[in-house]
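Let me begin by presenting the structure, written as structure tokens, before commenting on it.
These values consider heavy atoms only, across backbone and side chains, with no hydrogens, waters or symmetry-generated copies.
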Amino acid sequence: MEKKERIGVYVCHCGTNIAGVVNVGEVSTWAAENLKEQGVVIARDYKFMCSSLGQELIQKDIKEHGLTRVVVAACSPHLHEQTFRNACKGAGLNPYLSELVSIREQSSWVHTDKVAATEKSKALIAGGVARVIHHEPLEPLRVPIHPATLVVGGGIAGIQAALEIANAGYPVYLVEREPSIGGHMAQFDKTFPTLDCSACILTPKMVEAGNHPNITLLTYSEVEKVDGYVGNFVVTIRKRARSVNEELCTGCGICWEKCPKKVVDNIFEAGMGTRKAIYVPFPQAVPKYPVIDRENCTYYIKGTCKACEKFCPTNAIDFAQEDQLLNVEVGNIILATGYELFDARRITQYGYGRLANVFTSLEFERLSNAAGPTGGNIVLRDGKTVPKVVGIVHCVGSRDKNYNEYCSAICCMQSLKFAHLVHERTGAEVYNFYIDIRTPAKGYEEFYHRLLEEGTHFIRGKVAEISDAVRLPGEEGKLIIQVEDTLTGNQLRVPVDMVILSAGLEPRRDAKEVANKFGISCSADGWLIERHPKLDPVATVTEGIYIAGCVQGPKDIPASVAQGAAAAARILGKIQQKEIALEPVRASINQDQCSGCRICNNLCPFNAILFHEDRMVSEVNPALCQGCGTCVAACPAGAISGTGFSNEQILSQIEGLLLLNIPKKETVA
Amino acid sequence: MTDTPETQTFEPVIIGFTCNWCSYRAADMAGTARMKYAPNVRLIRLMCSGRLDPTFVLKAFAGGADAVLVSGCHPGDCHYINQNYKMLRRFHLLKRVLQQMGIEPERIKLLWASAAEGAIFAEEINKFVEQVRPLGPLNWKPGNGAQVEAPVHEEVPA
Amino acid sequence: MSDTISFRQEIANLLYASEGEPLNTCIQCGTCSGTCPVAPYMDYTPRQIIAMINQGMKEQVLESNTFWYCASCYHCTVRCPQDINITDLMYALKRYSIWKGQHKEGLIGPTFSEAFVKMIVRGGRSFEPVLAPSYIFSFGMRELLLEVQGATELLLKGRLPLLPPRIKRLDNFKRMLGRIIPMGGLE
Amino acid sequence: MKKEFAYFPGCSLEKMAVSYHMSAMETTKKLGVHLKELEDWNCCGATTYSYIDELLAYTLSARNLAIAEQTGLDVVAPCSACYKNMYFTAAHLKKDPDLAEHINFALEEDNLHFTGNVGVKHLIEVFAYDIGPEELRSKVVKPLTGVKIAPYYGCQIVRPQKDHEDVELPQFFEDILSAIGATPVNYPLKMRCCGGSLIISSRPAALSMVRNLLQCAVDAQADIVATACPMCQVNLEVYQQQVNQEFGTNFSVPIMYFTQLVGLALGIPQKKLGIGKEFVAATPALLRVEQAGAASDQETKE
């Protein structure tokens, strides 16, 4: 070692989070004494290194002690690496000459043996010190940000996000799988707890999104492929053939009026109503153009019919239309693909699909919707009988290890809303069967109280089964809900005319695929994972990819809207900076050492390595390189080095972790 | 080696390699959830398990590690598309080489862990420590011809 | 903290081999008790028993008829949203109460179980008539007559054995059980 | 198709449920399946054994499993309680090597050893899966056309085993009944408990459970209730009279083993199937159906 680095070591107590298990004083004393050889000139411990006082401490030392390297032993680099880099930068030290060693997530929080945790922390710090010697001053890579944004999913979260960005003056591509935007909210009748008409508050936003000059609406479309990286994504979108020429169509509706083929609508009407083979899912659909459902259209099945074409006044029907593949360039992406309803058939003992008058929550939404199949009349499956007694079952498929362990968050309030609507429109007796009533938001508990005052029965007990097996007088022709009233310890058989299953929310069936496509990950449940559960709920670990709404976990409309807006705000902040700083973790090839064997060429999944035929050497394009380092590890000539993760850095870290070349002095406990 | 009192109390030193995106985050997750596991593993963060140079593993063994843990994203989940497969190929080759050098295959473990699998990460570390403990200290010194500083490499990968 | 282990812990220990989740994960939803076909006959529903164990109400739990009324139909167990093996819990309480010799008076279950086990230890197979005295005395006169009626009819239909069946390698069999539990404990 | 199984009849089938044994042997023979009775088997301990000591309960079943292992065949139990005990003993011993070691220590006394290489099946599973409805249908010579049968699964065939098929509403029993030409009736309580050993220890509870089951079968207009367990059969049949006295009902429902019904369809003489040993005679119901069938045949001819 020619020139010895001057290294400062800072051990954080993190209150008692670290100091409660790791003897931080001993660790810093040890570092000061035993790591002198390595260049440690000062080691301190402090209550909260990340606090402004903690950072100032480091900055003061850099200046006063002429530190050339800084090692902080605190929490995970995923939390505070940037904080300490900024602190160094503030004191005039290149930020990349610091190293954050995690002794919280990797030591104090996961070990109970204080001595072992303290010893391990020392080793981790020794590793960090050995590594930091080989750090090099780096400058972040700066890349321009494309001002356009892709929003995937046209539910309320996606619409909100798209409008926020478009209103700020930047272009948005809004991609929706279904023929219309609107999402689940378009299916609802009322929204809790205010009982606003769902369509009344949603439709204006849909129309605004549909007409907005900055929004390119791509409905009946799906994302096929995502290339590139933050600031510069290239997205391939499949725009499925509508079989309707959007330029000619006026949305007059004659085609679906004349279409002779009725189809049960399992999507928008939740199987409760029908549509035609050429259709718009609902009257307020945006865009107004219909699509032909080719699986059910008589022309596509039998080759004849064409009723729609005959009656179309503008010749807009185009049976030969084909799918289009569009490539769009965007700087950022928001995923707002929403949720799917838990399939209540899976709980056999609740009888859904077997007992006619057991309904799911979504079916009930359509039943109570004035624009729905019964015109808003709450009636049994026969289409006419008004129920006299209705049972609403909470937690269907939620809070149950046999199905989904999580709480679906919206079902309590949704059930209360149903109870209110049933009571108001039919005067029926309503029973709510719940495990716990969860109403943790503004105005929610008050709504619960309103229901109590309305005389709704609340029975605390998870429903055991629903059957039509009559045993007692008064049960004939009824559905019997068997449950323990856990507040009295009595087993009850409650005869009702109608059961509503408040089914939980589940991740989209293709959530995993979508996550892979966009390079982010799903939790074990299948919800997409945010960057930080508390402090960064809309970003993901992949720069430039954001999530909003139920795709991140079950939530209600206000929370979805808030996330959509939050994701948009994050992106607008980035766009306005016009360029983005990227971690300078990149591979580079020493052209003198490269033997031209081309092993690395095929290893790179981003095609970042070019081969120069003329000179017979390979070269890394830093704009495409993502820094994984696979080529570095594979180069037989050792010609490729990885910035930030060089062989010297890692080999030295190994030595440090194994406490090689460190004098074994007696330490004072 | 059998279960003598010595090997029962032997605390192996294990060097662990994680990728930045899944397995390091699994370790973070285990921490945030305060899941307890054995303190024998010392982790090194790489950007991707594909960065794992076999030299690193040899260096760890030569430097006194009793075992090495290699972990990355689940196949199909790699942040860099499929680089963990490339590590996998290398890993099998490496295991063979280690065996030839007299290092028991039980001393090296491959673990796929997603960012959400803190519990699995903790559990697997405990299992690994118990797997290594009965083997006793390794005290491996690279023999003739095995030069640790010069990287060992696979043949041209397809 | 006392040195003696709590009732709650004792029951947890008895369930160590069970595949289910521990009782302290019970969310008191009542699925078990809503499902149980015998719940209306129990002093406390299974859910209440779990709450009582978690509260350490040892005397009241052992004095209850709940676990003796469990028919081992496993319906609660397959439905429990927390994967608690409630049927195994009921078995554990039966064992516990027999070991401690502490159970509600007038129950047939404990006497019957012991008679049944002794019978198998003696012969290796089950022999219905041996069981008769254990419950006939515990029921009323009417049930006694009904039982005899039933038994006579079974006999007439050739469905009741007259001689107790025995397995061939009975000595081995007894020594085998002896390795699990001292014979004196059963004889 | 596997043609041979080790057979663990269980104590009930020796006498109390002898007709189940007879019909099981006859029908399997006719279907080309060989049931080889385990040599010197012992009682499985029923449900009660676990009340006293878990280890003893495991030991009893492990002995039978170890004997079965020696034959190299999967073992079949016709009784649901025996099946459950053997199935879970095998599963537990395979999962817990310490437990297996302990139990094997005891088994040494009888020169036996359990390794875990034995599958456990319920007799009805052999019919439902190893033979299968198609095969069964092809062998039927006297279809039970028009006989309305309530399939009674009871408890321990599908519970508590979770990864089997639907634990709440399986269909394999119905498939067997359809295959022999009968009409399975929709029987909402088909998975509910018959009371099991409560018939001895807690009679009022058990009698009401039996009453509910019989009522459900009668409401569903079943001619016959079919069972696959000797305990269920005894509870539903032997105690029917007591139910009638207790609740003032008037049930007279024959409770038959599914093997007896399959046997009838295969053309096996009633006597060989143990028909005639039941408390509520099956013959009137069968006769009634036969007459009705004949009458309708006549009508169609005319």
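Contact count against chain C (heavy-atom pairs under 4.5 Å) is highest for D:Ala205 among D:Ser208, D:Ala205, D:Cys193. In terms of heavy-atom pairs under 4.5 angstrom with chain C, the leader among D:Arg192, D:Met209, D:His102, D:Lys95 is D:Arg192.
With values rounded to the nearest 0.5 angstrom, D:Arg159 atom CZ is found 11.0 Å from C:Ser72 atom OG. Note that CG of D:Leu60 and CE of C:Met176 are 6.0 Å apart. Values are rounded to the nearest 0.5 Å. The distance from atom CD1 of C:Ile167 to atom CG of D:Asp110, rounded to the nearest 0.5 Å, is 7.0 Å. Remark: D:Glu168 CD to C:Arg79 CZ distance equals 4.0 Å, nearest 0.5 Å. Rounded to the nearest 0.5 Å, atoms OG1 (D:Thr59) and CZ (C:Phe173) are 9.0 Å apart.
Among all heavy-atom pairs drawn from C:Cys70 and D:Leu198, the shortest one is O-CD2, 4.0 Å.
Annotation for D:Lys94: atom NZ counts as buried by contact number, over 12 foreign heavy atoms lying within 6.0 Å.
For D:Leu99, no part lies near chain C; criterion is any non-hydrogen pair under 4.5 Å. Of the atoms belonging to D:Gln240, not a single heavy atom falls under 4.5 Å from chain C.
Using a 4.5 Å cut-off on side-chain heavy atoms (C-beta onward), D:Cys155 and C:His75 make no contact.
Listed by sequence position, C:Thr35, C:Cys36, C:Pro37, C:Val38, C:Tyr41 are the residues of residues 33-52 of chain C in contact with chain D, using a 4.5 angstrom heavy-atom cutoff.
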Point to revise | Pair D:Met191-C:Val78, side-chain contact (heavy atoms from CB on, under 4.5 Å): steps then yes or no | key: CA-CA 12 Å; D:Met191 303 306 296; C:Val78 297; over 6 Å; no
